[in-house]
Amino acid sequence: MDELCSTNMRIHTHIHTQEVAHILDHASANSLVIIDELGRATSTSDGVALAWAVCEALLATHTPCLFATHFVQLADLATLYPAAKLWSLQGEFLSAYIEKNENRNKKQNKSYVDISQERMDYTWQLSSATSLERVHYGIALARSVGFPQEVLDMASK
């Protein structure tokens with residue numbers, strides 16, 4: 001099973017990278033490009049470097065692009081290039097978290113992820129932003145599937 005998962009990830013990453021190469025070869029001011037998570041399955045430094053370079057190439061060709069990323073470093077492009085605009089996905093509700101065997105719907109801080117039904121439900125609104133906030137959904141996911149509290153506490157430090 002591990003080998004199958006690994007092979008699927010390599011194939012997906014290869015196809016995604018090929019698609020971006022095709023975009024770079026054909027994008028123009030008449031295109032609309034949507035890129036989701038370029039650099040996934042690479043090291044953080046490689047992912048940021050590739051994503052940054054692709055953004056700069058698309059800016060140079062005046063290609064309209066929506067670029068979804070978890071690399072907060074890319075927010076700096078909006079300060080360097082007037083054509084680059086920073087947007088953020090925002091939500092407006094309280095999230096519930098799951099504690100093993102007690103307080104199953106206890107309210108927590110404002111969040112954009114509802115995990116009250118033992119699954120992660122996202123509600124989003126696209127809004128103009130001045131910076132990107134680091135949000136730790138991985139910890140919320142770990143809590144929702146029952147990670148031990150000691151591990152959650154360590155990860156939160």
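Closest approach of Ala51 and Phe71 over heavy atoms only: CB-CD1, 4.2 Å. Across all non-hydrogen atoms, the minimal contact from Pro64 to Ser31 is CD-O, 3.0 Å. Ala83 and Leu59 make their closest contact through CB-CD2, 4.0 Å (heavy atoms, listed as atom of the first residue, atom of the second, distance). The minimum heavy-atom distance linking His70 with Glu37 is given by the pair ND1-OE1, 2.5 Å.
With a 4.5 Å cut-off on side-chain heavy atoms, Val33 and Ile35 count as touching. For the pair Thr17/Leu38, no side-chain contact is recorded, criterion being any heavy-atom separation below 4.5 Å from C-beta on. Here the side chains of Thr61 and Leu24 are not in contact, with every heavy-atom distance at 4.5 Å or above. The shortest distance between side-chain heavy atoms of Phe67 and Val54 falls below 4.5 Å.
Residues forming a ring-ring contact (aromatic ring centres under 6.0 Å, His included) with His26 (at least two apart in sequence, or on another chain): His22. Partners of Glu56 under the side-chain hydrogen bond (donor to acceptor under 3.5 Å, both in side chains) rule, at least two apart in sequence or in another chain, are Trp52, Tyr81. In this view, Asp153 and Gln149 satisfy the side-chain hydrogen bond (donor to acceptor under 3.5 Å, both in side chains) rule, not counting sequence neighbours. Annotation: side-chain hydrogen bond (donor to acceptor under 3.5 Å, both in side chains) contacts of Ser128 (sequence neighbours excluded): none. For Thr42, there are no side-chain hydrogen bond (donor to acceptor under 3.5 Å, both in side chains) partners, not counting sequence neighbours.
Here the straight-line distance linking atom SG of Cys65 with atom NZ of Lys85 works out to 14.5 Å at 0.5 Å rounding. From Leu58, atom CG reaches atom OG of Ser28 across 10.5 Å, with rounding to the nearest 0.5 Å. Note: Cys55 SG to Leu50 CG = 11.0 Å, rounded to the nearest 0.5 Å.
If you chain together ILVMFWY residues whose side-chain heavy atoms come under 4.5 Å of each other, Ile34 ends up grouped with Leu66.
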